[in-house]
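The block underneath contains the structure these notes are about, expressed in structure tokens.
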2 protein chains.
Amino acid sequence: MKLANRIKELRESQGLLQRQLSAQLEIDTPMFSKIERGERRAKQEQVLKIAEILKVSPDELIALWLTDQILDVIANACSYEKWKEQALQALKMAETDIKNKKD
Amino acid sequence: MKLANRIKELRESQGLLQRQLSAQLEIDTPMFSKIERGERRAKQEQVLKIAEILKVSPDELIALWLTDQILDVIANACSYEKWKEQALQALKMAETDIKNKKD
DNA sequence: TTTGACTTGTCAAATTCTGTCCAATGTAAG
DNA sequence: CTTACATTGGACAGAATTTGACAAGTCAAA
């Protein structure tokens, strides 16, 4: 699930308008529309604010937001057909690296 | 292992100078020095050329290069102490996503 | 046809990326 | 010490990308 889709789902299920969210985020409606369709990336601060407004855990949205970014990096870096295996390896190495960091 | 370190290791073990690699990559020595220390990121094209010159599989270097980029995204996006768990979740989700893509 | 929600395209300002140059530092030999 | 060469550091210009704002567009319901 993409962050964009999750935001839309939550917003609609709560009967809120883009206009209302935009106002709270202090951006204009077109910008929010783009964020909600994944055409523009939200800033971390905005993701947190959205979680608050839509009453979900920031953890959930941050994880989705990070996933989008990771997939973007991979997609931009190289084509899947050619480097799929290396992408999977890279994800594994990144995981190991992060696990080994002390908190 | 960072791409930068691997490049340095390979170059030195083969007794090559930065100057020689720079020439083949058509960039100047300071630029190569920076790539080798991880201060600047190589372009994909350069990574492939380096693999060729240093006679290693492009797959190996591309995987390291992708790992660097993934870790960068995560580091820039959020601080580890706070979002380590979400980063790990994101890596898992990205992995699933990529595995499910048809070649 | 009017209204309100949402989307699309464009644009300039800001930011980031890329490579070059020059100067500094390090180092080994004579 | 001096020379010669490898490497690094910092400043910088131009290119490329991102950002936010705006005007105009579509669409659906009333």
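This one's a predicted model, so the numbers in the text were calculated from it and none came from an experiment. Protein chains get the first letters and strands the later ones, always in sequence-line order, with residue 1 at the start of each.
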Between residues 14-29 of chain A and DNA chain D, which residues have a heavy-atom gap below 4.0 Å?
-> Asp28(A)
Student check: side-chain heavy atoms of Glu85(B) and Asp59(A) closer than 4.5 Å = no
Compare all side-chain heavy atoms of Arg41(B) with those of Trp65(B) and state whether any distance is below 4.5 angstrom.
-> yes
Would a 4.5 Å heavy-atom cut-off, applied to side chains only, mark Leu88(A) and Glu95(B) as touching?
-> yes
Shortest non-hydrogen contact from Arg11(B) to Glu36(B)?
-> NE-OE2, 2.6 Å
Specify the closest pair of heavy atoms between Leu64(A) and Met1(A), including all atoms of both residues, with the distance to one decimal.
-> CD2-O, 3.0 Å
Can you sort out the partners of Glu39(A) under side chain to side chain contact (heavy atoms under 4.5 Å, CB included), two or more places apart, ordered by chain and number?
-> Lys34(A), Arg37(A)
Please examine the side chains of Val73(A) and Asp72(B), heavy atoms only from C-beta on, and report whether any two atoms are closer than 4.5 Å.
-> no
Bend angle of the helix from dT1(C)-dA30(D) to dG30(C)-dC1(D), from helix axes over five pairs at each end, nearest 10° | 20°
Side-chain touch Leu66(B)/Met93(A), heavy atoms, less than 4.5 angstrom | no
Boundaries of the chain B footprint along DNA chain C (any atom under 4.0 Å from a heavy atom) = dT18(C) to dC22(C)
Sorted by number, the residues of residues 30-41 of chain A with heavy-atom contact under 4.0 Å to DNA chain C = Pro30(A), Ser33(A), Lys34(A), Arg37(A)
Roughly how far apart are Trp83(B) CH2 and Ile98(A) CD1, rounded to 0.5 Å?
-> 14.5 Å
Taking atom CD of Gln20(A) and atom OG1 of Thr29(A), what is their separation to the nearest 0.5 Å?
-> 11.0 Å
Listing, residues 43-55 of chain B side-chain donor-acceptor contacts under 3.5 Å, not counting sequence neighbours, or none:
{"unit_1": "Gln44(B)", "atom_1": "NE2", "unit_2": "Ala77(A)", "atom_2": "O", "d": "3.4"}
{"unit_1": "Gln46(B)", "atom_1": "OE1", "unit_2": "Lys43(B)", "atom_2": "N", "d": "2.8"}

Between Ile35(B) and Leu3(B), is any pair of side-chain heavy atoms under 4.5 Å apart?
-> no
